[in-house]
Number of protein chains: 2
Amino acid sequence: MELAEAKLKFIEAWGKLGSEWGINRTMAQVHALLMISPEALTTEEVMAELSISRGNANMTLRDLIDWGLVEKQHKTGERKEFFYAEKDVWTIARRVAEERKKRELTPIIKILDQLAGVDGDAKDPAYKTFKTTVTDINKLANNVNKTLDTMLKAEENWFFGSILKVFK
Amino acid sequence: MELAEAKLKFIEAWGKLGSEWGINRTMAQVHALLMISPEALTTEEVMAELSISRGNANMTLRDLIDWGLVEKQHKTGERKEFFYAEKDVWTIARRVAEERKKRELTPIIKILDQLAGVDGDAKDPAYKTFKTTVTDINKLANNVNKTLDTMLKAEENWFFGSILKVFK
DNA sequence: CTAAATTTTCATTTTTTTTTGAAAGTTTAA
DNA sequence: TTAAACTTTCAAAAAAAAATGAAAATTTAG
């Protein structure tokens, strides 16, 4: 396969994967484009490569920066801003995990804590089932939370790096 | 908090979480409703509880069955079908992991394998960056794949199960 | 077999999400 | 300070996803 064709396929596949995981397809595509670019790109270049509007490119790049996946760069003598993506996959995985933890896990744990404190008749099956289900999900969520903390705190990539070797 | 209020909040929260992870909000809500129901429910009951149409309820319940999260039940003397959700959180997590692996991980690995075989000039930075990025992602994907296999094959829940007991 | 009960389908409508693009805002070189 | 270069915003449009509901299909009791 030729590089040009492979690039397009990669961008398409990454976009599809993103959308299946609740990440805007275009955002995932811009990320893919930048990941395979040796050089930082300008907004113009991103717009041209993916045929998207200026507004879309601008907002998407900002979101990627918020996710910690892309950084703005300035080149001496150039007035334009350049965008460069982190390329180490473990760092990318870590950033995504960090963000989703902050945006989704922490809020749901807060809600589950409230819901686990619901009061009702201990003889009522509806109450018992609710309480058990919510309590169990809450425990799982807290465990995922703790596991992520450990993973993310570790400088070394124990989860994807070393544990995997055990199973090889 | 009262049970009725708590139920609504749980259904809402579960629906939101689902939509953030690429799962149709209504599907997640139906799942939430069934998870907290001690008894299997009919399509009519699901429609009424969540104010959704018959068509929507039917398709959503079928999808949940496809995900292995809900099962059809028949009650003697009753002609209607009843729907019952698995309630063990580890089993739920396992089913979701299995399905997403099958639907998303396996296909992307197939594509990455093709893309990793792209040919080009070893001196070309664009080629080098593409190759490195795709190869690294491919390795990560294969490692996740293997880890999931091990996790899912294990009858015992080493990841969520045993760790849970420690924190109980 | 018949008809009532129940489930499924899917063209259409509604809702939600994403994108556009032009105007407003900001920065910087001179 | 000015004006060109560049970035950001956001109301409106477009696209995508989800929901509706009535008709068709299926099932089952009698």
Side-chain angles (χ1 to χ4, degrees), chain A residues 11-34 39-67 70-84 103-104, chain B residues 11-34 40-67 70-84 100 103-104:
Chain A
I11 290 166
E12 189 194 330
W14 204 245
K16 182 160 180 259
L17 189 69
S19 70
E20 288 166 341
W21 286 81
I23 283 137
N24 179 310
R25 171 178 260 96
T26 300
M27 178 166 150
Q29 289 181 334
V30 171
H31 184 223
L33 173 65
L34 292 177
E39 307 287 334
L41 303 183
T42 62
T43 301
E44 299 286 341
E45 288 169 321
V46 171
M47 287 166 62
E49 288 277 345
L50 303 176
S51 308
I52 60 173
S53 71
R54 184 175 303 285
N56 197 4
N58 181 271
M59 291 177 110
T60 297
L61 286 165
R62 198 218 331 234
D63 286 346
L64 284 166
I65 290 168
D66 290 344
W67 276 77
V70 164
E71 60 174 25
K72 265 190 197 174
Q73 288 186 346
H74 293 277
K75 295 194 180 175
T76 45
E78 289 272 18
R79 190 155 158 191
K80 275 177 289 203
E81 293 173 331
F82 291 76
F83 299 90
Y84 184 80
R103 295 176 194 213
E104 293 147 20
Chain B
I11 290 166
E12 189 194 331
W14 203 245
K16 182 160 181 256
L17 189 69
S19 69
E20 287 165 342
W21 286 82
I23 284 138
N24 180 308
R25 170 179 260 97
T26 299
M27 177 167 150
Q29 288 181 335
V30 171
H31 184 222
L33 173 64
L34 292 178
L41 303 183
T42 62
T43 302
E44 299 285 341
E45 288 168 323
V46 171
M47 287 165 62
E49 288 279 343
L50 302 176
S51 308
I52 61 174
S53 71
R54 185 175 302 284
N56 196 4
N58 182 270
M59 292 177 109
T60 297
L61 286 165
R62 190 208 312 173
D63 285 347
L64 284 167
I65 290 168
D66 290 344
W67 276 76
V70 164
E71 60 174 24
K72 266 190 196 173
Q73 287 185 346
H74 293 276
K75 294 196 181 174
T76 45
E78 289 273 17
R79 189 152 159 192
K80 275 178 288 202
E81 294 173 329
F82 291 76
F83 299 90
Y84 183 81
R100 299 206 83 149
R103 295 176 192 211
E104 293 147 21

Please report the distance, rounded to the nearest Å, between [atom1] in [X] and [atom2] in [N].
X: A:Asn56; N: C:dT17; atom1: CG; atom2: P; value: 16 Å
X: A:Leu61; N: C:dT19; atom1: CG; atom2: C1'; value: 15 Å
X: A:Arg62; N: C:dG25; atom1: CZ; atom2: P; value: 16 Å
X: B:Ile52; N: C:dT15; atom1: CD1; atom2: P; value: 16 Å
X: B:Glu44; N: C:dT7; atom1: CD; atom2: P; value: 8 Å
X: A:Arg25; N: C:dT19; atom1: CZ; atom2: P; value: 9 Å
X: B:Ile65; N: C:dT8; atom1: CD1; atom2: C1'; value: 13 Å

- Message: Can you tell whether the side chains of B:Lys16 and B:Glu12 come within less than 4.0 Å, N to carboxylate O?
- Response: no
- Message: For a quick test of reading the model: is some side-chain N or O of B:Asn58 closer than 4.0 Å to OP1 or OP2 of C:dT8?
- Response: yes
- Task: Establish, with yes or no, whether the OP1 or OP2 oxygen of C:dT19 is under 4.0 angstrom from a side-chain nitrogen or oxygen of A:Asn24.
- Result: yes
- Message: The criterion is salt bridge (Lys or Arg N to Asp or Glu O under 4.0 Å); which residues satisfy it with A:Arg62, sequence neighbours excluded?
- Response: none
- With A:Leu61, the side chain to side chain contact (heavy atoms under 4.5 Å, CB included) member among A:Asn56, A:Leu34, A:Leu41: A:Leu34
- For A:Trp14 against A:Ala28, the heavy-atom pair lying closest together: CD1-O, 3.1 Å
- Query: Near A:Glu39 CD, under 6.0 Å, is it more than 12 heavy atoms from other residues, nucleotides or ligands?
  - Reply: no
- Item | Contact residues, residues 76-84 of chain A to DNA chain D [heavy atom, < 4.0 Å] | A:Arg79, A:Lys80, A:Glu81
- Task: Name the residue closer to the 5' end of DNA chain D, choosing between A:Lys72 and B:Thr26 according to the nucleotide with the nearest heavy atom.
- Result: A:Lys72
- Residue whose closest nucleotide on DNA chain D lies nearer the 5' end, B:Met27 versus A:Thr43: A:Thr43
- Query: Should B:Thr26 and B:Met59 be marked as a side chain to side chain contact (heavy atoms under 4.5 Å, CB included) after you check the CA-CA gap, both sets of side-chain angles, and the distance that decides it?
  - Reply: CA-CA 10 Å; B:Thr26 299; B:Met59 292 177 109; over 6 Å; no
- Give the first and the last nucleotide of DNA chain D, reading 5' to 3', that has any atom under 4.0 Å from a heavy atom of chain A. D:dA4 to D:dC10
- Note on the structure: Taken to the nearest 0.5 Å, the spacing of A:Asp66 CG from A:Arg103 CZ works out to 6.5 Å
- Message: Taking any heavy-atom pair under 4.0 Å as a contact, classify B:Arg54: base, sugar-phosphate, or nothing.
- Response: base
- Message: Pair B:Met27, B:Leu64 - check side chain to side chain contact (heavy atoms under 4.5 Å, CB included), show working.
- Response: CA-CA 7 Å; B:Met27 177 167 150; B:Leu64 284 167; 3.7 Å; yes
- Task: May I have the step-by-step check of side chain to side chain contact (heavy atoms under 4.5 Å, CB included) for A:His31 and A:Trp67, ending in yes or no?
- Result: CA-CA 11 Å; A:His31 184 223; A:Trp67 276 77; over 6 Å; no
